Amino acid sequence: PTHLEVADVSLTYESRRGRVPALDRLSFDVAQGAFVSVLGPSGCGKSTLLKLASGLLRPMAGRIRLAGEPVTAPRRDVGIVFQQPTLLPWKTVLENVLVPIRAMGRDASAGRERALELLRLVKLEPFAANYPHELSGGMQQRVGIARGLIHDPALLLMDEPFAALDAMTRETMMDELQRIWMSTGKSVLFITHSIPEAVYLSDRILVLSPRPGRLLHSVDVDLPRP
Ligand code: ADP
Ligand code: ADP
């Protein structure tokens, strides 16, 4: 079944510098449990697409549905990993991972064990009590990945999550992401500039045109999985 449906979606930014068409009649589906990557040149609307899929922005035309329901606001079953993790500097690493739980008005103590487990996953458990400024950029990015997983989301949206990581950490994180994906049946929409990452991880690769982003290609990848 279809998990995320993007149908005929267009979005134009209105700014003082004029109108910037970012996406143009974009349509695709992410099936339940599928891993779909989005490739495209800088500025073609990839981040915009994630903001739409997460309910942070509304399309000007077309529709976005999650399990058949229109997406109108951020939801618990959708996790986001941003390109820049924007951690809260006055909170510890552990507290930062728990931010989405507090944002939903829930008692953070309930998520503590889960947060520590996720910090173990991203190899940051020893840094749980540290503050973001004490961590490297790559480590902060890994905190952002743990934070995106805290609600155990059915749909995970990721905006170039590995771009800031060194090659070895990137490989480890890719393997971990693949393991999480295969063992939990999550659907993933994954934005990347890296063709090898897309080929290694995806069921399907979408290629967008230069701005405004239109769907140029949809390629099914059929690699044997470990
Ligand atoms: P990508 O993630 O593919 O680099 P974005 O979705 O960030 O692309 O942006 C798509 C286009 O829309 C870019 O040309 C960008 O400059 C423009 N854009 C993004 N956000 C805004 C905004 N708030 N106001 C005006 N233009 C914007
Ligand atoms: P990213 O690719 O990570 O979204 P960008 O550099 O495209 O980062 O944009 C950073 C922020 O600046 C965006 O979230 C958007 O709100 C704003 N922005 C980007 N392009 C424009 C633009 N042309 N005019 C106004 N705001 C913009």
Side-chain angles (χ1 to χ4, degrees), residues 3-30 34-66 70-75 78-87 100 137-138 140-145 147-149 153 155-165 170 173-174 177 186-219 221:
H3 194 173
L4 177 71
E5 179 194 4
V6 173
D8 228 15
V9 162
S10 298
L11 187 134
T12 296
Y13 289 103
E14 311 272 359
S15 75
R16 266 169 301 173
R17 281 182 285 168
R19 292 161 53 83
V20 181
L23 291 174
D24 180 29
R25 286 166 290 169
L26 182 63
S27 298
F28 66 90
D29 290 343
V30 178
F35 196 120
V36 176
S37 291
V38 182
L39 284 168
S42 192
C44 75
K46 300 184 298 297
S47 300
T48 301
L49 172 62
L50 280 207
K51 288 175 192 163
L52 288 164
S54 60
L56 294 170
L57 277 178
R58 302 276 196 95
M60 299 169 97
R63 61 178 190 279
I64 309 231
R65 286 173 203 261
L66 200 66
V71 176
T72 54
R75 347 179 341 155
V78 179
I80 318 177
V81 178
F82 295 101
Q83 202 175 345
Q84 306 286 342
T86 56
L87 305 177
Q140 294 186 27
Q141 187 58 18
R142 277 141 64 200
V143 179
I145 292 170
R147 183 180 59 187
L149 289 165
L155 173 65
L156 185 59
L157 308 171
M158 307 186 98
D159 192 355
E160 298 201 54
F162 307 139
L165 306 181
R170 182 181 310 138
M173 295 301 304
M174 275 169 59
L177 176 61
K186 290 183 196 314
S187 315
V188 183
L189 186 60
F190 181 81
I191 288 178
T192 181
H193 271 112
S194 162
I195 293 172
E197 262 178 31
V199 170
Y200 180 70
L201 291 168
S202 318
D203 290 319
R204 191 145 52 97
I205 301 174
L206 307 176
V207 182
L208 302 190
S209 67
R211 199 189 84 200
R214 273 175 288 108
L215 188 62
L216 284 185
H217 301 287
S218 172
V219 182
V221 182

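Note: hydrogens, waters and symmetry copies are ignored here, and every other heavy atom, side chains too, is used. Indexing begins at 1, ligand by ligand and atom by atom, following the structure's order. Just so it is clear, the structure is predicted and the values come from calculations on it, not from any experiment.
- Within the set G213, A22, G40, S47, the minimum heavy-atom distance to atom 7 (O) of ligand 1 is found for S47.
- Heavy atoms from both the backbone and the side chain of K46 come within less than 4.0 Å of ligand 1.
- Checking only distances, S15 never comes within under 3.5 Å of ligand 1, N or O to N or O.
- Rounding to the nearest 0.5 Å gives a distance of 8.0 Å between CG of D29 and CG of L4.
- For the atom pair CD1 of I80 and CG of L189, the computed distance is 11.0 Å after rounding to the nearest 0.5 Å.
- Rounding to the nearest 0.5 Å places CG of L206 at 11.0 Å from OG of S27.
- Of the heavy atoms in T48, both backbone and side-chain atoms come closer than 4.0 Å to ligand 1.
- Ligand-side atoms of ligand 1 in range of G43: 1 (P), 3 (O), 4 (O), 8 (O), 10 (C), 11 (C), 13 (C), 14 (O), range being under 4.0 angstrom from any heavy atom.
- Interatomic distance, F82 CZ to L87 CG, rounded to the nearest 0.5 Å: 11.5 Å.
- Applying the side-chain contact (heavy atoms from CB on, under 4.5 Å) test between P59 and each of I64, L11, L26 identifies I64 as the sole match.
- Note: an N/O pair closer than 3.5 Å links G45 and ligand 1 by distance alone.
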